[in-house]
Engineer: 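Structure below; questions to follow.
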Amino acid sequence: MNGNIVGKVPIGECKATVVYMSGYLPGAASEKSPILSPVPVRLSAAVHGGDSWKDVCGGGCGFAMAISEKGKLITWGSTDDEGQSYVASGKHGETPEPFPLPTEAPVVQASSGWAHCAVVTETGEAFTWGWKECIPSKDPVGKQQSGSSEQVSPASQGSNAASGTTLQNENQKVGEESVKRRRVSTAKDETEGHTSGGDFFATTPSLVSVGLGVRITSVATGGRHTLALSDLGQIWGWGYGGEGQLGLGSRIKMVSSPHLIPCLESIGSGKERSFILHQGGTTTTSAQASREPGQYIKAISCGGRHSAAITDAGGLITFGWGLYGQCGHGNTNDQLRPMAVSEVKSVRMESVAAGLWHTICISSDGKVYAFGGNQFGQLGTGTDHAEILPRLLDGQNLEGKHAKAVSCGARHSAVLAGMLFQMLMAERDLPKSN
């Protein structure tokens, strides 16, 4: 689930963990029909020997992804005529199977975009596969390939406003390119160096390199971009950045290597916080820096074409596509640089999740804030009106509830919440630590 669970609440002993699935998983349903009611998912014999479910990570377009207690990545749900989704899921159809990774280290977190995936292991390594443009090169200093990037002029770079016509034209071009470049490079091709410029899809997970000594703690995948959070609280990004979702201050089309997104430093204290952004020009290792209170990121999330992060001080930061208000800055402009959401500067945020057109976040006191597109009611406000500023959800269904975790799909949202009274009683009854 995308988000952080907070609070020490005993939930009772669970003898067995069961995963249920519903919705559209073509390889797991007869005649590719939607699964209308939750049905249990059984682990295969290849996984089940002394293993069990640990976490459900969602999936890309047409497949599901989960992690077992022993740290295996499990995928299923696609079919061989689903093209890229089938390849991204390891060609695992109806039966959940382990996805082969080039490491024995247990997987601790996984994420998937439209047609690319990323995982983090217990040793702090990250691997990614799928769309080639989402797989970074080995160079972590942020150099872009010549000919594959496009940057706005200084005049237009100063404005974050995005033209709806321009976006529509770009989206059309992206779709055309996707159709033209669907060739899949096999593991053998990649190993023997037989890939060509027309290869669009990679099946072999590649190690993400962000500098010697830097450990990755979590990854987030968007439509065509990826963010990685290091143990120092720094964000690295790569992939497509045409709407500013990589936070580099421009509409650069492609960042082919992990780039240190301008670091965040908070100044001041209390409710009045402002943020200074520094361009990362060199790689920072664990030996060169350390996390200081108020100066690092603790959580990240990727939407379709925008990004969100939370600082250790609880500040909410967004950047990228803003056409529906999903950046929460009171307008529908694209936000090309990471920027604090001033509307909630006095609220300490704990977790955030980004969807295709919307963003949901949870505060430290269990309140839910939502903003962005709302065509399908994904904001939970009781209407289908978009919100360009964070709106506190105060509906009857959330009354007396303490939200603990949040996850967003493309057009829907889910919040895990507990009864506030029960949580307070549970906290009171917990044994006091010395």
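Residue numbers run from 1 in the order of the sequence given.
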Engineer: Using the six-membered ring wherever Trp is involved, compare the ring planes of Trp53 and Trp76 and label them parallel, tilted or perpendicular (cut-offs 30° and 60°).
Structural biologist: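 Tilted: the ring planes of Trp53 and Trp76 meet at 30° to 60°.
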Engineer: Determine, step by step, whether Glu350 and Lys298 satisfy the side chain to side chain contact (heavy atoms under 4.5 Å, CB included) criterion, reporting the C-alpha distance in whole Å, the side-chain angles of both residues, the deciding distance to 0.1 Å, and the verdict.
Structural biologist: CA-CA 9 Å; Glu350 287 294 335; Lys298 69 176 184 178; 3.1 Å; yes
Engineer: I want to check something: taking the side chain as every heavy atom from C-beta on, are Gln375 and Arg411 in contact at a cut-off of under 4.5 Å?
Structural biologist: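 No, side chains not in contact.
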Engineer: What's the separation between atom CG in Asp384 and atom CD in Gln378, rounded to the nearest 0.5 Å?
Structural biologist: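 Those atoms lie 9.5 Å apart.
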Engineer: Determine whether Val368 and Leu392 make a side-chain contact, defined as any pair of heavy atoms from C-beta on separated by less than 4.5 Å.
Structural biologist: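 Contact flag for Val368/Leu392 side chains = no.
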Engineer: CD1/Ile67 to SG/Cys57 distance, rounded to the nearest 0.5 angstrom?
Structural biologist: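 If we round to the nearest 0.5 Å, Ile67:CD1 and Cys57:SG are 4.0 Å apart.
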Engineer: Please evaluate residues Asp334 and Arg251 with respect to the criterion salt bridge (Lys or Arg N to Asp or Glu O under 4.0 Å), reporting the C-alpha separation (whole Å), side-chain torsions for both, the decisive distance (0.1 Å), and the verdict.
Structural biologist: CA-CA 10 Å; Asp334 291 353; Arg251 297 185 184 278; 2.8 Å; yes
Engineer: With a 4.5 Å heavy-atom cut-off, do Ser230 and Val210 have their side chains touching?
Structural biologist: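 Not in contact.
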Engineer: Taking ring pair (Phe, Tyr, Trp, His ring centres under 6.0 Å) as the test, write out the residues that go with Tyr324, two or more places apart.
Structural biologist: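 Partners of Tyr324 under the ring pair (Phe, Tyr, Trp, His ring centres under 6.0 Å) test: Trp321, Trp357.
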Engineer: State, to 0.1 Å, how close Ala417 and Lys401 come at their nearest heavy-atom pair, and which atoms those are.
Structural biologist: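 What the structure gives for the nearest pair is CB-CB, 4.1 Å.
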Engineer: Give the minimum heavy-atom separation between Thr221 and Ser111, together with the two atoms involved.
Structural biologist: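 That would be OG1-OG, 2.6 Å.
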Engineer: Listed by chain and number, what are the side chain to side chain donor-acceptor pair (under 3.5 Å) partners of Thr75, not counting sequence neighbours?
Structural biologist: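 By the side chain to side chain donor-acceptor pair (under 3.5 Å) rule, Thr75 matches His92.
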Engineer: With side-chain hydrogen bond (donor to acceptor under 3.5 Å, both in side chains) as the test, would you mind laying out the steps for Thr217 and Asp231 before giving the verdict?
Structural biologist: CA-CA 6 Å; Thr217 59; Asp231 57 345; over 6 Å; no
Engineer: Specify the closest pair of heavy atoms between Glu243 and Gln245, including all atoms of both residues, with the distance to one decimal.
Structural biologist: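 Result for this residue pair: N-OE1, 2.8 Å.
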Engineer: Say whether, by atom type as modelled, one donor and one acceptor occur between the side chain of Arg215 and the main chain of Thr123 under 3.5 angstrom.
Structural biologist: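 Yes; judged by distance alone, with no hydrogens or angles, the pair exists.
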Engineer: Any salt bridge (charged side-chain N to carboxylate O under 4.0 Å, His left out) pairs touching residues 319-329, not counting sequence neighbours?
Structural biologist: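 Qualifying pairs, neighbours excluded: none.
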Engineer: Over all heavy atoms of both residues, which pair between Val219 and Val120 is shortest? Give the atoms and the distance, please.
Structural biologist: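 Residues Val219 and Val120, closest heavy atoms: CG1-CG2, 3.6 Å.
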Engineer: Could you grab the distance from atom SG of Cys327 to atom CG of Leu389, nearest 0.5 Å is fine?
Structural biologist: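 Rounded to the nearest 0.5 Å, the SG-CG separation comes out at 12.0 Å.
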Engineer: Is Glu69 paired with Lys54 through a side-chain N to carboxylate O contact shorter than 4.0 Å?
Structural biologist: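 Result for this pair is no, no salt bridge flagged.
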Engineer: Within the 4.5 Å heavy-atom criterion, are Gln234 and Leu229 side-chain neighbours or not?
Structural biologist: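 With C-beta onward as the side chain, the pair stays apart.
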Engineer: Does a side-chain heavy-atom distance below 4.5 Å link Ser250 with Leu336?
Structural biologist: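 With C-beta onward as the side chain, the pair stays apart.
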Engineer: Any idea which heavy atoms bring Ala353 and Cys408 closest together, and the distance?
Structural biologist: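 Ala353 and Cys408 have their closest heavy atoms at O-SG, 3.5 Å.
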Engineer: Salt bridge (Lys or Arg N to Asp or Glu O under 4.0 Å) with Glu94: which residues, sequence neighbours excluded?
Structural biologist: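 Salt bridge (Lys or Arg N to Asp or Glu O under 4.0 Å) list for Glu94, sorted by chain: empty.
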Engineer: Closer than 4.0 angstrom, basic N to acidic O: yes or no for Glu133 and Arg224?
Structural biologist: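 Looking at Arg224 together with Glu133, the answer is yes, because their closest N to O distance falls below 4.0 Å.
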Engineer: Checking side chain to side chain contact (heavy atoms under 4.5 Å, CB included) against Tyr296, which of Leu232, Thr311, Asp312 comes through?
Structural biologist: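 Exactly one candidate clears the test, Asp312.
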Engineer: For Thr381, enumerate each residue passing the side chain to side chain donor-acceptor pair (under 3.5 Å) test, keeping only those at least two apart in sequence or located in another chain.
Structural biologist: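 Thr381 satisfies side chain to side chain donor-acceptor pair (under 3.5 Å) with Asn374, Thr383 once adjacent residues are dropped.
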Engineer: Could I get the full list of side chain to side chain donor-acceptor pair (under 3.5 Å) partners for Gln109, not counting sequence neighbours?
Structural biologist: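 Here no residue qualifies.
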Engineer: Please say whether more than 12 non-hydrogen atoms of neighbouring residues, nucleotides or ligands are located less than 6.0 Å from CG in Asn331.
Structural biologist: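 Counting neighbours around CG of Asn331, more than 12 heavy atoms of other residues, nucleotides or ligands fall under 6.0 Å, so yes.
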Engineer: Just do the side chain to side chain contact (heavy atoms under 4.5 Å, CB included) check on Tyr369 and Val344 with the steps written out, would you?
Structural biologist: CA-CA 9 Å; Tyr369 294 79; Val344 289; 4.2 Å; yes
Engineer: Under the side-chain contact (heavy atoms from CB on, under 4.5 Å) rule, collect the residues that match up with Thr128, sequence neighbours excluded.
Structural biologist: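 So Thr128 forms a side-chain contact (heavy atoms from CB on, under 4.5 Å) with His116, Ala118, Ile135, Pro136, Val208.
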Engineer: Listed by chain and number, what are the salt bridge (Lys or Arg N to Asp or Glu O under 4.0 Å) partners of Lys367, not counting sequence neighbours?
Structural biologist: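 Salt bridge (Lys or Arg N to Asp or Glu O under 4.0 Å) check on Lys367 returns Asp365.
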Engineer: With a 4.5 Å heavy-atom cut-off, do Thr318 and Met339 have their side chains touching?
Structural biologist: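 Not touching, per the 4.5 Å side-chain cut-off.
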Engineer: Write down the atom of Ser307, the atom of Cys302, and the distance for their closest heavy-atom approach.
Structural biologist: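 The pair with the smallest heavy-atom distance is OG-SG, 4.3 Å.
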Engineer: For Trp238, what residues pass the ring pair (Phe, Tyr, Trp, His ring centres under 6.0 Å) criterion, not counting sequence neighbours?
Structural biologist: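 Not a single residue meets the ring pair (Phe, Tyr, Trp, His ring centres under 6.0 Å) criterion with Trp238.
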Engineer: Enter the distance from Thr226:OG1 to Trp236:CH2 here, rounded to the nearest 0.5 Å.
Structural biologist: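 These two atoms lie 15.0 Å from each other.
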Engineer: Is any side-chain heavy atom of Ile388 less than 4.5 Å from a side-chain heavy atom of Thr332?
Structural biologist: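 A side-chain contact under 4.5 Å exists here.
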Engineer: Side chains of Trp129 and Cys134: closer than 4.5 Å at any heavy-atom pair?
Structural biologist: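 Contact flag for Trp129/Cys134 side chains = no.
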Engineer: With sequence neighbours excluded, what pairs up with Pro106 under the side-chain contact (heavy atoms from CB on, under 4.5 Å) test?
Structural biologist: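 Expected list: Glu122.
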Engineer: Under the side-chain contact (heavy atoms from CB on, under 4.5 Å) rule, collect the residues that match up with Ala370, sequence neighbours excluded.
Structural biologist: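 Expected list: Ile360, Leu379, Leu393.
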Engineer: Assess whether side chain to side chain contact (heavy atoms under 4.5 Å, CB included) is satisfied between Cys117 and Met65, documenting all intermediate values.
Structural biologist: CA-CA 10 Å; Cys117 305; Met65 179 184 290; 3.6 Å; yes
Engineer: For the CD atom of Glu343 and the CZ atom of Arg391, what is their distance to the nearest 0.5 Å?
Structural biologist: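 Glu343 CD to Arg391 CZ: 12.5 Å, rounded to 0.5 Å.
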Engineer: Which residues pass the side-chain contact (heavy atoms from CB on, under 4.5 Å) test with Thr103, sequence neighbours left out?
Structural biologist: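 For Thr103, the residues satisfying side-chain contact (heavy atoms from CB on, under 4.5 Å) (neighbours in sequence not counted) are Leu101, Ala105, Thr121, Glu125, Phe127.
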Engineer: In Å and rounded to the nearest 0.5 Å, what is the CZ to CD distance from Phe371 to Glu387?
Structural biologist: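 Answer for the CZ-CD pair, Phe371 versus Glu387, is 11.0 Å.
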Engineer: Could you go through the side chain to side chain contact (heavy atoms under 4.5 Å, CB included) check for Val352 and Thr359 one step at a time?
Structural biologist: CA-CA 7 Å; Val352 63; Thr359 309; 3.7 Å; yes
